[in-house]
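Throughout, a chain's letter reflects where its sequence line sits, starting with A, and its residues are numbered from 1. Not measured: the values here are computed from a predicted model.
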Amino acid sequence: MNIWLMILVGGLLTYAMRLSFILLMGKIEFPEWLRHSLSLVPPAVLSAIIFPELLFMDGRLDLSLDNNRLLAGLVAILVAWRTRNTLLTIAVGMAALLILQAVR
Amino acid sequence: MLENRSGKAHLYMIFFGLFGFQISLMHHHLDRMPEVTQTTRSPFSISAARQFWTGVRIELPLLLGVIPFGMIYGVLALEAGITPVAAQAMSSLLFAGSAQIITVELVRTAVPGFIVILTIFLLNLRHVLYSASIAPYLAQLPARWKLLLAYLLTDEAYAVTIIHYTQHKDAPHRHMVLLGAGLTLWSAWQLSTTAGILVGAVIPSEWSLDFTIALTFIALVMPAIRDRPGLVAAFTAGITAVLAYSLPYKLGLVLASLVGIAAGMWSKRLR
């Protein structure tokens, strides 16, 4: 298949998924439980991205103290929890990772 | 009604917003420029422009991770034999980092086209969740705004915007926050793709800049967890994502999100 056809069809599908509920909302009424559950989407999706990022090293689960990303991530979680400051969280987390990579 | 009249006005606002931003850079604060405020803008446009720049500002930290990612994509696309024009077009039309990288990999290994498209579909299924989650905040907009903002609804723009929305309920012109965040990411993605295509340079992987994306999400998720159902949803989704890691097409992410949401709803019902 032509690369352009893949880009076009894949792009249209992706756009349709992004547009789906944005366009529907207001035209159809959502039940209360569904609206409640939507408020849980951000913590669920973000955690589903974060956990594997911290716990998998080169495709393998690594729960040991040798896992630099896990340790740096825990430091970042602590900073984010105490300060709620995005830039500080990134700075401290990155510094922790680079220091850990340097000393090992 | 207000929204229907404001379509063109918003374009002016962005323009004046850009103008105003330069002024605010010079003078540190928009409020110190009363003559500008009175002659060129109504309070309406100031508010919209502020919301736009709020979107830009909250998106900026993410670019640290996005720009190297875009450059790597550009390099890989050319290595896979995709023409520069097609590589750039994919960044504009598909506009989804992980799907683009995997498409490049599948094209390189000569996987049939319909498999590539199915993979893109599955990988981007999560956007249906984003769309549903952000839709209540955009419900009052005219259709052309919905069509534009849906195009800009990437992982990174969604994440910062939805957190902002949940913390600033009922703010006027809040769609401008998504526009600001979305356009910022869009510009960075297009330009970093171009840079990757042109320079062919890759930022050394030892710098681990990709980790800044995970760090940004950590910074975003903490304020998003505001009650026990949120905490239950976060932990359940995280653990499920680890258990389902080996599922193909990032399906683990979709599954984990749904399991996490269900668990959060269940814990809400318990009380």
query = Who wins among A:Thr89, A:Ile7, A:Leu8, A:Leu12 for the most heavy-atom pairs under 4.5 Å with chain B?
reply = A:Ile7
task = Grab the two heavy atoms, one from B:Tyr158 and one from A:Pro42, that are nearest each other, plus how far apart they are.
result = OH-CG, 3.6 Å
query = Among B:Thr83, B:Thr240, B:Thr216, which has the most heavy-atom pairs under 4.5 Å with chain A?
reply = B:Thr216
inquiry  = Between B:Ile82 and chain A, with a heavy-atom cut-off of 4.5 Å, which part of the residue counts as in contact: side chain, backbone, both or neither?
reply    = side chain
Structural part of A:Trp4 lying under 4.5 Å from a heavy atom of chain B = side chain
task = Locate the shortest heavy-atom distance separating B:Gly113 from A:Met6; write the atom from each residue and the value.
result = CA-CE, 3.9 Å
note = Okay, B:Tyr137 and chain A: the region with an atom under 4.5 Å from a heavy atom over there is neither
ask   = Do you know the tightest heavy-atom contact between B:Ser131 and A:Met17?
value = CB-O, 3.6 Å
query = Does A:Tyr15 use its side chain to pair, donor to acceptor, with the backbone of B:Leu94 at less than 3.5 Å?
reply = no
key: Interface residue of largest heavy-atom contact number with chain A, from B:Ala233, B:Gly264, B:Ala224, B:Ala86, under 4.5 Å   = B:Ala86
note = Note: vs chain A, highest number of non-hydrogen pairs under 4.5 angstrom among B:Thr166, B:Leu152, B:Asn124 is B:Asn124
task = Tell me, for B:Leu231 versus chain A, whether the close heavy atoms (under 4.5 Å) come from the side chain, the backbone, both or neither.
result = neither
ask   = Measuring heavy-atom distances to chain A, does B:Ile134 have an atom under 4.5 Å in its side chain, in its backbone, in both, or in neither?
value = side chain
message = Given heavy-atom pairs under 4.5 angstrom as the criterion, report whether the side chain, backbone, both or neither of B:Ser133 touches chain A.
response = both
request  = Can you tell which part of B:Val128 gets under 4.5 Å to a heavy atom of chain A, answering side chain, backbone, both or neither?
outcome  = both
ask   = chain A: which of B:Ile225, B:Leu60, B:Val85 shares the most heavy-atom pairs with it under 4.5 Å?
value = B:Val85
message = With heavy-atom distances below 4.5 Å as the criterion, would you say the side chains of B:Pro229 and A:Leu40 are in contact?
response = yes
ask   = Just how far is it from atom CD1 of A:Ile77 to atom CE of B:Met222, taken to the nearest 0.5 Å?
value = 6.5 Å
task = Measure distances from B:Thr236 to the heavy atoms of chain A and classify the residue's part below 4.5 Å as side chain, backbone, both or neither.
result = neither
key: B:Ile261 portion near chain A, given a 4.5 angstrom heavy-atom threshold   = both
task = Sort B:Ile239 into side chain, backbone, both or neither according to what part of it lies under 4.5 angstrom from a heavy atom of chain A.
result = both
Residue part contacting chain A, namely of B:Leu258, when any heavy atom lies under 4.5 Å = neither
ask   = Heavy-atom distance under 4.5 Å to chain A: side chain of B:Leu138, backbone, both or neither?
value = side chain
ask   = Which value, rounded to the nearest 0.5 Å, describes the distance between A:Ser39 atom OG and B:Asp227 atom CG?
value = 7.0 Å
request  = Starting at CG of A:Leu13, measure out to NE2 of B:His127 and round the result to the nearest 0.5 Å.
outcome  = 12.5 Å
task = List the atom of B:Leu215, the atom of A:Ile90, and the distance in Å for their closest heavy-atom pair.
result = CD1-O, 3.5 Å
request  = Measure distances from A:Leu88 to the heavy atoms of chain B and classify the residue's part below 4.5 Å as side chain, backbone, both or neither.
outcome  = neither
key: For chain A, the option from B:Val232, B:Leu149, B:Leu147 that forms the most heavy-atom pairs under 4.5 Å   = B:Leu147
task = Return the minimal non-hydrogen interatomic distance between A:Val45 and B:Ser257, and the atom names on each side.
result = CG2-OG, 3.5 Å
inquiry  = Given heavy-atom pairs under 4.5 angstrom as the criterion, report whether the side chain, backbone, both or neither of B:Val259 touches chain A.
reply    = neither
Positions in residues 48-55 of chain A that reach chain B, provided some heavy atom is under 4.5 Å away = A:Ala48, A:Ile49, A:Ile50, A:Phe51, A:Pro52, A:Glu53, A:Leu54, A:Leu55
ask   = So does A:Arg84 have more than 12 non-hydrogen atoms from other groups sitting under 6.0 Å from CZ?
value = yes
ask   = Is it true that atom CZ of A:Arg104 has more than 12 heavy atoms of other residues, nucleotides or ligands lying nearer than 6.0 Å?
value = yes
message = For A:Leu19, which atoms come within 4.5 Å of any heavy atom of chain B: side chain, backbone, both, or neither?
response = both
message = Need one label for B:Val116: side chain, backbone, both or neither, based on atoms under 4.5 Å from any heavy atom in chain A.
response = side chain
task = Output yes when a side-chain donor or acceptor of A:Arg18 lies under 3.5 Å from a complementary backbone atom of B:Leu153, and no otherwise.
result = yes
Top contributor to chain A interface from B:Ile218, B:Leu93, B:Ile120 [non-hydrogen pairs under 4.5 Å] = B:Ile218
ask   = Which heavy atom in A:Gly73 sits nearest to a heavy atom in B:Phe211, and how many Å separate them?
value = N-CZ, 4.0 Å
task = Count the heavy atoms belonging to other residues, nucleotides or ligands that lie under 6.0 Å from CZ of B:Phe235, then report whether that count exceeds 12.
result = no
